[in-house]
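FYI, side chains are in, hydrogens and waters are out, and symmetry mates aren't considered; it's all heavy atoms of this structure.
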Amino acid sequence: MSEPSNEIPKQYNPTAAQEKWAAFWDKNNFFHSQPNPNKKPFCVVIPPPNVTGALHMGHALNNTLQDITVRMKRMQGFETLWIPGVDHAGIATQAVVERRLLEEEKLTRHDIGRDALIQRIWNWKEKYQTRIISQLKEMGCSCDWNRTRFTLDEMCVKAVRHFFFKLFEQKLIYRSKRLVNWDTFLQTAVSDDEVFHETIEGHFWYVKYPVIQPKPDEPEFVIVATTRPETMLGDTAVAVHPDPESALNKVINNLKKRIENAPEKEKPDLQKELDDIENRKSSGKLDNLKKLALMAKNGCRIKLPLTDRIIPLIADNWAKPEKGTGCVKITPAHDPNDYEVGKRQELPIINILNKNGTLNENAGKYAGLTIKKSREQVVADLEERGLLISVEERIIELAHSDRSKTPIEPFLNDQWFIKMDTLAQNAIDTVNNSEVRIFPERYKKGYIDWLSEKRDWPIGRQLWWGHRIPIWYCYGATEKEIEKAFAGRNDILWQWDSENNVWWICSQTEDLPEDAVSGYTIVQEEDVLDTWFSSALWPHSTLGWPEQTPELNYYYPTGVLITNRDILTLWVARMVLAGKFNTGKKPFHDVFIHPKILDKYGEGMSKSKGNGIDPISVIAKFGADALRFALAYMTTENQDIRLTLDFECPYCGTIVEQTKKNRTQPKIICPKCGVAFRTQWAETESDKMLTEGAMLGERFEVARNFCNKLWNAARFVLLSLQEPQTQHNETRQPQNHTDIHFLEDRWILSRLATVTKNVTESLETYRYADAMRLLYDFAWDEFCSFYVEMVKSRLADETRKTQAQTVLIYVLNTLLRLLHPVIPFVTEEIWQRLRLSGNLTGVGLTDNDFTESIVIALWPVADESVINTEMESQFKIFQELLRAIRDVRASRNVPPKTEITFSVRCDTPTATLLKPMEPYFLSMTKSRATGWGESVTVPVLSSTVPLAGMDVYVDLSDLIDVAAETAKLEKEITKLDGFIKSKESKLNSDFVNKAPATVVEKERQSLTELQEQRQSAIEALTKLKTV
RNA sequence: GGGCGAUUAGCUCAGUUGGUUAGAGCGUUUGGUUUACACCCAAAAGGUCGGCGGUUCGAACCCGUCAUCGCCCACCA
């Protein structure tokens, strides 16, 4: 079975391995899971990526971390299920498809209608779901692909309907008005995330509202200031603070306090603010407000200019005496705060806007004008009537729609809400009592704070793509008629909406026909549910809830949810509350919040910036394993991941730096060879024809190199196994670790056990970077640089060969298993080659040590009995000595092939320890030991290196350079003097009295050593002078 | 305005409960075709741990403060 050595390439080829092993895993169904009473379950649900587009590096990170945990759990013997899936992402996906429709066909959604648009979005979804799943597969994610879910598929629809019905049944769903961000161009509501604020130069108009029949001592006008005069057409009151004086004093006091504590730099600004406010008191403005407050109390009425409406002057805390004129116009239909005031004060709500952004009939003669036109007209009319006092220039932050780049209008709409009170409290308790643990813990605060606001959840969206709200409206029917229509149905509920005189009919299972209530036509609610409504159910809906499926009973609650911090509240908090509400159980035990991927400028990656990177382009260049390792290596607790990536010209290899300018371009012309190559943004056919330029990144190179290092270590082991077998069968028996005599064997096994233990602990507490560092350092510095190097001399010696091979392959086998969760492909490739190498029994291993696939191999458990920290520190002495000799060789330019000798003055135990290591000094640094112990012969022409507890004399004979040697020793003495001095003063201080005895003792010992080293150096120097 | 985080070598980052001389990778310099690996090996240089103050025998680490940067939430008549 074994391959000839020339068939093991010197470089690991990721592409071939990825293809081969992905297919192999798939064929063997390793990732498929079903309830198994003999095993403990472990389940992870993927944070479903949006079907808006392809995955970027943020997803790559998220899924890498999940796969690491999932693969480890699977190896630990859990019945492990990772459920993949995608999210319909209502707003975002509909927006993408609508934008395309407009760009490519110049059509809006109203042109093609609801059904046709939905069909187009389904087509889009199919395309991107396929793309996303294939990206996940390319990354090596070990999901159970048979269980792939979509938030709009039948299973999820059922769960959503059931959840809604339950909420409705418990009267937790209600209808109310809510202001939405209205995009008048696209004629849709957009979410807060899709709004950006832009500072524009605007105006601040001061307008007089005449008071009706003012008493002699009362002002004739109420003056309000506004940046949006046209909204006055929707005013239903003007407000003034009920007690402006105390409110103002309160503000003044707070401000004074702030000035006291404020940094010097901010004080002048604050002082100015304070002066302005205090000025209000003296300038009579306050007196005016006090009068107005009294008038408001007495039911004062004012005339709304430009209309024939009479509106009240009201007293409300919302009016801030320190701002504007102290009086504020109240427009409940077009301002969230005013809406609250309106509700509180029972004011009428007058909507003056059409959905297309023009004014409606409520605006009287301004009806039909656009907002911009109406504003000009209103200002002109006010001026004409002498009601405009003044205009100020003012910088204002204006909300714009991300999608249409037009200003957002706050627009009042009927909305469905969920009452959050108890639901939120349950979710708070679940985290507060650590039933659900959040890692890192600092994110707990954000979660609790957000939920503590207990703001009711608006669940309706004015969209077509999503779960349509399962409510039907029936006007005019009597309760008897409704009852008759749905008699005996426990899947239908109805409720009377007295405000709108309509029946709400909620159906759990089916869509109701128009004629469901005989004699009436019922109409379904047009809106769809917020995307998070279905996402909130993800951990249990994907397992079959509301059915009590075997999967739900077995896998739920799931193990850990791994996600990014942006959606801790929107998604994680909602999952906890929905999980608790629906199943009575938490959805997961742990939540791990991972870092954010930033670009080289420290900016987050996003579609609009165009700085997102397709993980596939990294895989193409460096391999999936390198991608995964690099990301995991950077997943530390409180640092975001900064990725610097540059383009590589595919023709001449020139590195083209990625800039803010070129990162969104579909093609780039190489500055050196002048040929164009395409980027991930290539869209047109001609651009796609070009060769793609790879993405280069230092972190990925490091990770790729690591994979290759591992590959070559394995190559070395495989080659050594292929050497002709000797006949000494009796020496080829399996060895018990405790029988192992060689220091390096015991050392590497001790280190391996320590690493196994620490890696397991790190991964189980989501400290991915720690685990990666441990593995990287162990594999490279300890296993490759020391153990493999040392074993070389033993492999050449028949009498010492077998045990070396046994340990070598044992360590490699364990290391592969520890690394498999993070670099699955290269470890499988090596595993299979070892498994099939055919010589395992010869070195004391059996096929049981190499399972059919590393995917199903057992996770290593540390044999702590072989951990020997004393011996590990002894080994450090060997390493130190080796380094000292190498340093002498390097700094004296001793030719590599020239053998030199050295002797070491040290105590007897050290000598006993080091003497058996002689062959390694020869093989690893071509140096032969001539003596060990208290009294050794010191070569005349030697380089002396004083180390802690020993002196090394490297015989240089004719290679010696006295001047250089002297300089080196002098430098060493100066350095030692510094250390000694600081130690001495430390030991002469209070330190000896106050510090723990062990620490003091350690310091004393260290001082002695330093003094000895210094003495040795002086002696060596003296001797040099005699030469 | 509220909250969170960061500031350590030229660059990107580690640094466990405060305890010898603060670490790694990349880059730089020097030397290498050593029977796995040049995606490599050996070695070296390189740091007042953002500033100031405090607690302590002892501070990169704890406390206060200032500075700079980033993120989240809220608000802006």
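- Comparing the P positions of U17(B) and C61(B) gives a spacing of 14 Å, expressed to the nearest Å.
- With both ends at atom P, the span from A77(B) to C69(B) equals 27 Å, rounded to whole Å.
- Nearest-nucleotide mapping onto RNA chain B: of Pro896(A) and Trp450(A), the residue sitting toward the 5' end is Pro896(A).
- Counting any heavy atom pair closer than 4.0 Å across all strands shown, Thr636(A) reaches sugar-phosphate atoms only and no base atom.
- For the residue pair Ala771(A) and Leu763(A), the shortest heavy atom distance occurs at CB-CD2, 3.6 Å.
- Salt bridge annotation for Asp235(A)-Lys329(A): present, with a cationic side-chain nitrogen under 4.0 angstrom from a carboxylate oxygen.
- Contact annotation for Tyr12(A): no contact, since no heavy-atom pair falls under 4.0 Å across all strands.
- Nucleotides C76(B) and U68(B) are separated by 26 Å at their C1' atoms, to the nearest Å.
- Using a 4.0 Å heavy-atom criterion, one finds that Thr226(A) contacts the sugar-phosphate atoms exclusively.
- The nucleotide C52(B) finds its pairing partner in G64(B), both defining distances of the Watson-Crick or G-U wobble pair being shorter than 3.5 Å.
- Atom CZ of Arg642(A) is separated from atom P of C71(B) by 11 Å (rounded to the nearest Å).
- Among the protein residues, Lys709(A) comes within range of the nucleic acid bases, having at least one heavy atom under 4.0 Å from a base atom.
- Nearest heavy-atom pair across Leu808(A) and Ser720(A) is CD2-OG, 4.4 Å.
- When heavy atoms are screened at a 4.0 angstrom cut-off, Cys784(A) is found touching base atoms of the nucleic acid.
- The aromatic rings of Trp711(A) and Tyr12(A) sit tilted relative to each other, their planes meeting at an angle between 30° and 60°.
- Under the Watson-Crick and G-U wobble criteria, each requiring two contacts below 3.5 Å, nucleotide A9(B) is left unpaired.
- The residue Thr925(A) sits apart from the nucleic acid: no heavy atom pair falls under 4.0 Å.
- Pair assignment for G1(B) gives C73(B), based on Watson-Crick or G-U wobble hydrogen-bonding distances that are each under 3.5 Å.
- Note: OH (Tyr768(A)) to C1' (U16(B)) measures 19 Å, nearest angstrom.
- Comparing the same atom, C1', in A9(B) and in C75(B) gives a spacing of 43 Å after rounding to whole Å.
- Residue Asp887(A) is classed as a sugar-phosphate contact, given heavy-atom separations below 4.0 Å to backbone atoms only.
- Taking atom NZ of residue Lys792(A) and atom P of nucleotide A42(B), one finds them 10 Å apart after rounding to whole Å.
- If you check U28(B) for Watson-Crick or wobble pairing at under 3.5 angstrom, you find it paired to A44(B).
- Toward the 5' end of RNA chain B, the nearer of the two residues Val717(A) and Lys971(A), judged by each one's closest nucleotide, is Val717(A).
- Among the atoms of the strands shown, base atoms are found under 4.0 Å from some heavy atom of Glu698(A).
- Rounding to whole angstrom units, CG of residue Leu645(A) and P of U12(B) are separated by 14 Å.
- Using the Watson-Crick or G-U wobble rule with both distances under 3.5 Å, C57(B) pairs with G19(B).
- Within the nucleic acid shown, Arg704(A) comes within 4.0 Å of at least one base atom, counting heavy atoms only.
- Closest to the Asn893(A) side chain, of the nucleotides A36(B), G19(B), U30(B), is U30(B).
- One P atom belongs to G50(B), the other to A14(B), and the distance between them is 14 Å to the nearest Å.
- Between Arg280(A) and Glu322(A), no side-chain nitrogen of the basic residue sits less than 4.0 Å from a carboxylate oxygen of the acidic one, so the salt-bridge criterion is not met.
- Per the geometry, NZ belonging to Lys445(A) stands 14 Å off C1' belonging to A74(B), to the nearest Å.
- Atom CZ of Arg928(A) is surrounded by 12 or fewer heavy atoms from other residues, nucleotides or ligands within 6.0 Å.
- Nucleotide C11(B) holds its C1' atom 10 Å from the CZ atom of Arg699(A), rounded to whole Å.
- At whole-Å resolution of the value, CG in Asp625(A) and P in C39(B) are 19 Å apart.
- Residue Trp711(A) contributes atom CH2, which lies 18 Å from atom C1' of A38(B) at whole-angstrom precision.
- Counting distance only, with no hydrogens placed and no angle test, the side-chain atoms of Glu789(A) and the base atoms of A36(B) include a donor-acceptor pair under 3.5 Å.
- Among the heavy atoms of the strands lying under 4.0 Å from Trp780(A) are primed sugar atoms or P, OP1, OP2 only; no base atom is included.
- When the C1' atom is compared between C13(B) and U8(B), the two are found 9 Å apart, to the nearest whole Å.
- Within 4.0 Å (heavy atoms only), Arg565(A) reaches sugar-phosphate atoms of the nucleic acid but no base atom.
- Counting non-hydrogen atoms under 4.0 angstrom, Pro895(A) reaches nothing in the nucleic acid.
- Tyr206(A) and Glu392(A) form a side-chain donor-acceptor contact under 3.5 Å, judged by distance and modelled atom types alone.
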Decide yes or no on side chain to side chain contact (heavy atoms under 4.5 Å, CB included) for Leu382(A) and Met232(A), but give the supporting numbers first. CA-CA 11 Å; Leu382(A) 285 171; Met232(A) 65 180 287; 4.1 Å; yes
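- Residue-level contact check: Leu1007(A) touches neither bases nor backbone, having no heavy atom under 4.0 Å from any strand.
- As rounded to the nearest Å, G64(B) and G5(B) have P atoms that lie 12 Å from one another.
- Arg883(A) comes within 4.0 angstrom of sugar-phosphate atoms only, judged by non-hydrogen atoms across all strands, and of no base.
- The same atom, P, is picked in A43(B) and in G25(B); the two are 11 Å apart, to the nearest Å.
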